[in-house]
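Sending over a structure as structure tokens; questions will come in a sec.
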Amino acid sequence: FTSTIPSHYTQTTTLFSTPETVSKATELPDSMEDGAEIAAKACAQFAEASGALGRCRIVFDTSAGDETYTLLKTSSDFMQNLVSFLSYQMIPGLQQIRQGEMMKVAQARAELQAILDQEEGDDAEDVDQEKKASCIQILENGGRDPDFKSVYFPDEGSAALARRDWLGTSAAEAKVPPCVKFSSCGGVQQADVTKDEIIFFFCPKASESEYVEDLLMKTETTSSNLKLTVFVNPNLVDMGVTGFGMAGRQLRERLLDGLVDTYYLRTLQWGALTRTWPNAFSVWQEDADSEGGYKLIKALPYLPGNGEVEDIYDIENGLMDEREGGGVLDQLGDFMQGMMRL
């Protein structure tokens, strides 16, 4: 059974890799949180290798084909952990930043109280209204300076839900660092993106592809600090929305072709397919006799299509003979499935 690397994946999966790394198998994570930490480290390493304005993609799908819940819901905890881990990986001194914010809040609270006392006294006309407004804003923002990271959700509802669940009602309950801000792809964009260092697009859909492209172009051209853009579980090409014709092809060329798969984990009925940049895509099969409960059956320097993954399993288990490659219909099926995953 032999395979050739599809031309579409030649650049995006081997960028900054070496023959040694692309032939090295990727191990499976021990847990969801472990996977998020591994993904964050891979993204940080890729950002360092690619320089400013790097773009990468993460796929985290543990549904094994079960469509009971949406990918947005099933990968939300992974996303929250990824955002936290990558924040600490790429933004130095976050703990010191938070301590500084707490000091600013305490100072603003004291200054505001002094101003309020002054307003109740005889010299109310001398109150510095700009200073009062500044103190109020500091208290409302929790002492935060301009944000460093933006996470874009498919819609305002999912962004508001994550804001509630990830931030909690106090700083002590927050699951993500204070440098994170929440936005949605649709609607009017009013947030300041000029100081963003990292931006995430979480489960962007084909219907938001225009918003995604506009937001990406705006941030890349206005933020002098931008280091990395991360697409997590994107679904930006869809037959019913963008089509696979000229519009879909142009979108792919502008937005998708340059994405590097820094982390990939997709569970299967019989195993899993995974990849940590810059190592190989690795196909694992459940095996009770192997350490960890899985055995490696194939490592590839590119992302294989669904048909090829099933062929690898069938050949490994004697369900089919090795062959030079799939027929025309098999290749067409892999192409269509690959497009639907973009």
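Counting from 1, the numbers follow the sequence of the chain as shown.
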State which residues pass salt bridge (Lys or Arg N to Asp or Glu O under 4.0 Å) with K295; sequence neighbours excluded, sorted by chain then number.
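For K295 the salt bridge (Lys or Arg N to Asp or Glu O under 4.0 Å) partners, ignoring immediate neighbours, are E316.
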
Any side-chain heavy-atom pair from R57 and P234 closer than 4.5 angstrom?
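Yes, at least one pair of side-chain atoms sits under 4.5 Å.
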
S282 side chain to A25 main-chain N or O, any donor-acceptor pair under 3.5 Å?
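No.
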
Short N-O contact, R163 and E156, less than 4.0 angstrom
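A salt bridge is present here (some side-chain N lies under 4.0 Å from a carboxylate O).
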
Under a single-linkage definition using a 4.5 Å side-chain heavy-atom cutoff for Ile, Leu, Val, Met, Phe, Trp and Tyr, are V59 and L268 assigned to the same hydrophobic cluster?
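Shared cluster, yes.
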
Taking 4.0 angstrom as the limit, do K298 and E308 come out as a salt bridge?
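Between E308 and K298 there is no salt bridge, as every charged N stays at least 4.0 Å from the carboxylate O atoms.
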
Do the side-chain N and O atoms of S158 and D155 include a donor-acceptor pair separated by under 3.5 angstrom?
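On atom types as modelled, these side chains qualify, holding a pair under 3.5 Å.
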
If I take atom NZ from residue K227 and atom CG from residue L86, how far apart are they, to the nearest 0.5 angstrom?
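Rounded to the nearest 0.5 Å, the NZ-CG separation comes out at 10.0 Å.
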
With a 3.5 Å cut-off and no angle check, do the side chains of D165 and Q80 form a donor-acceptor pair?
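Side-chain D/A pair, D165 to Q80: absent.
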
Inter-residue atom distance N235.CG - L71.CG, 0.5 Å rounding
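Nearest 0.5 Å value for the CG-CG distance: 9.0 Å.
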
Side-chain H-bond candidate by donor/acceptor type, S75 with N233, under 3.5 Å
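Looking only at side-chain atoms, N233 and S75 do form a donor-acceptor pair, the distance falling under 3.5 Å.
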
Side chain to side chain donor-acceptor pair (under 3.5 Å) involving T221 - partner list, sequence neighbours excluded:
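T221 satisfies side chain to side chain donor-acceptor pair (under 3.5 Å) with no other residue.
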
Quick one: do M90 and L228 satisfy side-chain contact (heavy atoms from CB on, under 4.5 Å)? Show the steps, please.
CA-CA 10 Å; M90 296 188 62; L228 183 67; 4.1 Å; yes

I'd like to know if D61 pairs up with R266 as an ion pair, taking the criterion as any Lys NZ or Arg NE/NH1/NH2 lying under 4.0 Å from an Asp or Glu carboxylate oxygen.
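Judged by the 4.0 Å cut-off on N to carboxylate O distance, D61 and R266 do not form a salt bridge.
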
Taking the ring centre of each residue, are W166 and F153 less than 6.0 Å apart?
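Between W166 and F153, the centre distance is under 6.0 Å.
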
Nearest heavy-atom neighbours spanning P304 and F281
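Scanning both residues, the minimum pair turns out to be CD-CB, 4.3 Å.
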
Would N279 and E27 count as a side-chain hydrogen bond (donor to acceptor under 3.5 Å, both in side chains) if you check the C-alpha gap in whole Å, the side-chain angles of each, and the deciding distance to 0.1 Å?
CA-CA 10 Å; N279 298 334; E27 298 290 332; over 6 Å; no

Does E286 have more than 12 heavy atoms from other residues, nucleotides or ligands lying within 6.0 Å of its CD?
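More than 12 within 6.0 Å, yes.
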
Under 6.0 Å between the ring centres of W277 and Y264?
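W277 vs Y264: aromatic centres not under 6.0 Å.
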
Main-chain N/O of T62 paired to T267 side chain as donor or acceptor, under 3.5 Å:
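The answer is yes, because a donor-acceptor pair under 3.5 Å joins these two groups.
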
Honestly curious: do M79 and L167 fall in one hydrophobic cluster under the side-chain, below-4.5 Å linking rule?
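Same cluster.
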
Using the salt bridge (Lys or Arg N to Asp or Glu O under 4.0 Å) rule, take E220 and R55 through it: C-alpha gap first, then chi angles, then the decisive distance, then the call.
CA-CA 11 Å; E220 287 187 340; R55 299 180 184 179; 2.9 Å; yes

Show the atom names and distances, to 0.1 Å, of all donor-acceptor pairs under 3.5 Å that link a side chain in residues 29-36 to residues at least two apart or in another chain.
residue	atom	partner	partner atom	Å
S31	OG	D34	N	3.1
D34	OD2	D30	N	2.8

So, for I297 and Y313, which heavy atoms are closest and what is the spacing to 0.1 Å?
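For I297 and Y313, the tightest heavy-atom pair comes out as CD1-CA, 4.2 Å.
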
Stepwise side-chain contact (heavy atoms from CB on, under 4.5 Å) test for F231 and I58
CA-CA 6 Å; F231 287 81; I58 290 175; over 6 Å; no

Distance check, rounded to the nearest 0.5 Å: F200 atom CZ versus T229 atom OG1?
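Going from CZ on F200 over to OG1 on T229, the span is 10.0 Å.
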
Any donor-acceptor pair under 3.5 Å linking the side-chain atoms of S150 with those of D196?
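Per modelled atom types, D196 and S150 side chains form a pair under 3.5 Å.
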
Set out, in order, the CA-CA distance, both residues' side-chain angles and the distance that settles side-chain contact (heavy atoms from CB on, under 4.5 Å) for L236 and E208, then state yes or no.
CA-CA 8 Å; L236 291 169; E208 285 96 42; 5.7 Å; no

Can you tell me how far SG of C43 sits from CD1 of I38, rounded to the nearest 0.5 angstrom?
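Reported to 0.5 Å precision, the distance equals 12.0 Å.
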
Which value, rounded to the nearest 0.5 Å, describes the distance between E210 atom CD and L215 atom CG?
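So the CD of E210 and the CG of L215 are separated by 10.5 Å.
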
Can you check side-chain contact (heavy atoms from CB on, under 4.5 Å) on N81 and V83, steps first, answer last?
CA-CA 5 Å; N81 280 276; V83 169; over 6 Å; no

